[in-house]
Amino acid sequence: QVQLVESGGGLVQPGGSLRLSCRASGSIFSITAAHWYRQAPGKQREFVARIDSGGSTNYADSVKGRVTISRDNAKKTVYLQMSSLKPEDTAVYSCNARILANWDLKEYDYWGQGTQVTVSS
């Protein structure tokens with residue numbers, strides 16, 4: 001059984017910061033790659049950031065310069081540090097991770113349940 005659990009969302013004022021976490025638990029060897037996505041009410045889910053097994057990162061243009069994705073392999077956790085938040089960043093943020101399973105050493109994709117980020121004064 002593998003679970004991804006996001007945390008760190010909440011209500012923040014414009015210009016504020018939040019750090020989201022995505023922790024993997026269960027029978028896993030490692031997280032090989034991870035993505036953060038977000039979905040605002042009435043809108044399609046959109047890509048936010050990605051980190052691969054080597055630590056290379058990619059960002060959506062809408063968040064570039066304001067968001068940093070990182071990982072702690074020992075904690076099997078991926079982070080999304082967000083700053084200079086805007087009302088248009090309001091969305092449910094979800095983590096998608098590719099897991100290297102320790103039961104067969106194959107890779108599987110998992111999704112977390114999402115965490116709400118609301119940027120409002």
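No side-chain heavy atom of R23 sits less than 4.5 Å from a side-chain heavy atom of K76. Taking 4.5 Å as the limit, every side-chain heavy atom of S17 sits out of range of all side-chain heavy atoms of V12.
Dense packing is recorded around CD of E88, with more than 12 heavy atoms of other residues, nucleotides or ligands lying under 6.0 Å away. The number of heavy-atom neighbours closer than 6.0 Å to CD of Q3, taken from other residues, nucleotides and ligands shown, is 12 or below.
Side-chain atoms of R38 never come within 3.5 Å of backbone atoms of T90 as a donor-acceptor pair (strictly under, hydrogens ignored). Under the 3.5 Å distance criterion, the side-chain polar atoms of Q39 are left unmatched by any main-chain donor or acceptor of A91.
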Show me the donor-acceptor pairs, under 3.5 Å and distance only, between side chains in residues 77-85 and residues at least two apart or in other chains.
residue, atom, partner, partner atom, Å
T77, OG1, K75, O, 2.9
S83, OG, R66, O, 3.2

Distance-only check: which donor-acceptor pairs under 3.5 Å involve side-chain atoms of residues 25-36, not counting sequence neighbours?
residue, atom, partner, partner atom, Å
T32, OG1, R98, O, 3.1
T32, OG1, E107, OE2, 3.2
H35, NE2, R50, NE, 3.4

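At a threshold of 4.0 Å, the pair K86-D89 does not count as salt-bridged, since none of the basic side-chain nitrogens sits closer than that to a carboxylate oxygen.
Within the model, atoms CG of L105 and CH2 of W103 stand 10.5 Å from one another, a figure rounded to the nearest 0.5 Å. Interatomic distance, S94 OG to R45 CZ, rounded to the nearest 0.5 Å: 7.0 Å. The distance from atom CG of N96 to atom SG of C22, rounded to the nearest 0.5 Å, is 8.5 Å.
The aromatic rings of Y37 and F47 stand perpendicular to each other, their planes meeting at an angle above 60°, with 30° marking the opposite boundary.
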When you look at V2 and Y108, which way does the side-chain contact (heavy atoms from CB on, under 4.5 Å) test go after all the steps?
-> CA-CA 10 Å; V2 174; Y108 299 90; over 6 Å; no
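Annotation for L4 and Y110: closest pair CD1-O, 3.2 Å, computed over non-hydrogen atoms. The minimum heavy-atom distance linking Q113 with V5 is given by the pair OE1-CA, 3.8 Å. Shown here for S120 and P14, the closest heavy-atom pair between the two residues is C-CD, 3.6 Å.
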